[in-house]
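What follows is one structure encoded as C-alpha cells, with my remarks underneath.
Below, chain A is the first sequence line, B the second, and so on; all start at residue 1.
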Protein chains: 2
Amino acid sequence: MRIDREQATQVTMPAKEHRRTRQRAAVDEVLDETDDFISAQELHALLRARGAGVGLATVYRTLQTLADDGRVDVLRSDAGEAVYRRCVREEHHHHLVCRSCGATVEIAGPTVERWAKSVADQHGYTDVSHTLEIFGTCPRCAAA
Amino acid sequence: MRIDREQATQVTMPAKEHRRTRQRAAVDEVLDETDDFISAQELHALLRARGAGVGLATVYRTLQTLADDGRVDVLRSDAGEAVYRRCVREEHHHHLVCRSCGATVEIAGPTVERWAKSVADQHGYTDVSHTLEIFGTCPRCAAA
DNA sequence: TGCCGTTTTGACAATGGTTGTCACTCTTGA
DNA sequence: TCAAGAGTGACAACCATTGTCAAAACGGCA
C-alpha cells in the first residue's frame, strides 16, 4: 500500500515555468470562475460545452500540473473521484464543504496544525502531514 | 458533485444481522491478523494465496457491509484505492498512518472534534462531519 | 433430519475515472 | 524565421469497483 497525501501540507514549492497555451488558459479561466470543487470530467464537459474544446487527457494533465505546483487544491470525493479547486490561500489550509451543493469555505486552523504535530511527535512519527476536511450542509441548502 | 464521507463521524449504528459464511469468516480472520490498512485487492490476493479462495466481488461486498456496520475503518489512499482496517475503538477517531509501511495508530482527538464543530457553526453549516488523517514516517521506517 | 425461502456467492461483463501512447502542433528562445 | 522540444488530442489500455444472475449455502421449521 502507499498512502501519500503530501500536498496536503506541502509548502507551496517553486513551480517550474510552463508554456502558455490556449488549453491551459481555458482551464484556468474555468477554475477562476468556479468557486466550488470541480472534477476533471466536469471541467472537461464544461469546456466542451462552451466551445473551447480541450482534450480530456489534457485536462487531466493540466490539473495534475497545477496541483503539483500547489496552485489548486485536490480532494477526493467519496466516490474516489478527484475534485479540484483554485486555492485562495497560499498557506496550508482546510475546507468546510457543503455536502449537497459543494459550496466551500477555506479554513486556516493553527490549532489543529499544532495538535497534529504534537500527536505525531508523541508517537515518534516524523515528516508529518495531514488531511482534514469538514463536511456539512450549508445554510442555503439547509434552508431549501 | 457529491461529497459524502459521513461514515467518518457517523455514530456506530445498530448493525443488522448477517449470515455466517466461510467467506465472511475468512475475511474477518485476515482483518484480525492485519494491523495495517489493506485494500480489497490485497485482501483478495491474500485469501487466494492461503487457499481460502473467496471471490473478488464477495470481498468487496463483505468489506462494504463491514464498513456500513461500522466494524471497519475505510480510508482512501492517494491513488484513490479504498483501504480497510478493523477498527479498535468504537467511538469516532482518527489515524496516524505511516506513509511508507502503513503502520497505524488510532487517535482520539476531542480537541479537534470541538474545533471542527465550532468552525462549522461559525459558518452556519449544519449536520457536520469530518475526515482527518495524519501521515508521517514511523520510527521504524525512519530508522531504516 | 430433510425441506424451503432467502441470502450469499462467484465468474464474468460492464462501468468509469485516470493514465499511457504517439504522431502532430504550437510556443519559445535564438 | 527556425529548430528544439513542450504540449496536445484521439484513442487504447488500466484497473478498481460494481452489476448480473444462476447456482450454492444458511437457518429456521416441520
Side-chain angles (χ1 to χ4, degrees), chain A residues 1-5 7 14-30 37-69 71-72 74-85, chain B residues 1-5 7 15-30 37-69 71-72 74-85 102:
Chain A
M1 81 171 289
R2 208 185 74 86
I3 291 187
D4 177 20
R5 296 192 182 171
Q7 89 273 4
K16 207 191 306 172
E17 262 321 298
H18 296 293
R19 292 187 177 174
R20 270 69 61 73
T21 66
R22 174 182 69 77
Q23 292 82 348
R24 291 201 192 171
V27 168
D28 255 28
E29 195 180 317
V30 171
F37 281 91
I38 186 174
S39 72
Q41 302 281 346
E42 288 172 318
L43 211 164
H44 174 245
L46 230 158
L47 286 171
R48 165 168 302 189
R50 65 167 67 177
V54 174
L56 181 56
T58 301
V59 171
Y60 273 102
R61 274 185 301 238
T62 304
L63 289 172
Q64 187 68 60
T65 305
L66 287 172
D68 286 348
D69 292 351
R71 282 201 265 264
V72 296
V74 192
L75 234 64
R76 284 216 176 249
S77 73
D78 212 37
E81 199 181 26
V83 287
Y84 307 81
R85 177 179 193 260
Chain B
M1 79 170 292
R2 209 185 73 85
I3 292 188
D4 178 20
R5 296 193 183 171
Q7 89 273 3
K16 207 191 308 172
E17 262 321 298
H18 295 293
R19 290 189 178 172
R20 271 68 62 75
T21 67
R22 174 181 69 77
Q23 292 82 346
R24 294 221 237 261
V27 169
D28 255 28
E29 195 179 316
V30 171
F37 281 91
I38 187 174
S39 71
Q41 301 282 347
E42 288 172 318
L43 182 31
H44 174 245
L46 231 159
L47 286 171
R48 166 168 299 189
R50 64 168 66 177
V54 174
L56 181 56
T58 301
V59 171
Y60 272 103
R61 274 184 300 237
T62 304
L63 289 173
Q64 187 68 61
T65 306
L66 288 173
D68 286 348
D69 291 353
R71 283 201 265 264
V72 296
V74 192
L75 234 66
R76 282 215 176 250
S77 72
D78 211 37
E81 202 182 14
V83 287
Y84 306 83
R85 178 179 191 260

*When every nucleotide of nucleotides 22-30 of chain C is labelled 5' to 3' by its protein contacts under 4.0 Å (heavy atoms), B for base, S for sugar-phosphate only, - for none, what sequence of letters results?*
-----BS--

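- Residues satisfying the side-chain hydrogen bond (donor to acceptor under 3.5 Å, both in side chains) criterion with B:T58, sequence neighbours excluded, are B:R61.
- Helix bend of the helix from C:dT1-D:dA30 to C:dA30-D:dT1: the angle between its two end axes, each built from five pairs, comes to 30° after rounding to 10°.
- A:A82 and A:V74 get closest at one heavy-atom pair: CB-CG1, 4.3 Å.
- In this structure, the separation between CZ on B:R76 and CD on B:E81 is 9.5 Å, given to the nearest 0.5 Å.
- Between the OG atom in A:S39 and the CG atom in A:L63 there is a gap of 9.0 Å [rounded to 0.5 Å].
- Atom CG of B:L47 and atom C1' of C:dG10 are 14 Å apart (whole Å).
- Atom CG of B:L56 is separated from atom CZ of B:R48 by 8.5 Å, given to the nearest 0.5 angstrom.
- Residue pairs meeting the salt bridge (Lys or Arg N to Asp or Glu O under 4.0 Å) criterion with at least one member in residues 18-28 of chain B, sequence neighbours excluded: B:D28-B:R86.
- Every residue meeting the salt bridge (charged side-chain N to carboxylate O under 4.0 Å, His left out) condition with A:R50, not counting sequence neighbours, appears here in chain and number order: A:E29, A:E33.
- Put simply, CD on A:E42 is 15 Å from C1' on C:dT18, counting in whole angstrom units.
- Boundaries of the chain B contact region on DNA chain D are D:dA16 to D:dG27, first to last in 5' to 3' order (nucleotide atom under 4.0 Å from a heavy atom).
- Residues B:R85 and B:I38 have side chains not in contact (no heavy-atom distance under 4.5 Å, counting atoms from C-beta outward).
- Between A:L63 atom CG and C:dG17 atom C1' the separation is 13 Å, expressed in whole Å.
- No side-chain heavy atom of B:L46 sits under 4.5 Å from any side-chain heavy atom of B:E42.
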*Report the C-alpha distance between B:V59 and B:L47 in whole Å, list the side-chain angles of each, state the deciding distance to 0.1 Å, and finish with yes or no for side-chain contact (heavy atoms from CB on, under 4.5 Å).*
CA-CA 10 Å; B:V59 171; B:L47 286 171; 4.1 Å; yes

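- Heavy atoms of A:Q23 sit under 4.0 angstrom from primed sugar atoms or phosphate atoms, though from no base atom.
- Atom CG of B:L56 and atom P of C:dT8 are 18 Å apart (whole Å).
- Here C:dT18 presents its C1' atom at 15 Å from CG of A:D68, a figure rounded to the nearest Å.
- A search for side-chain hydrogen bond (donor to acceptor under 3.5 Å, both in side chains) contacts involving A:Q23 returns nothing, not counting sequence neighbours.
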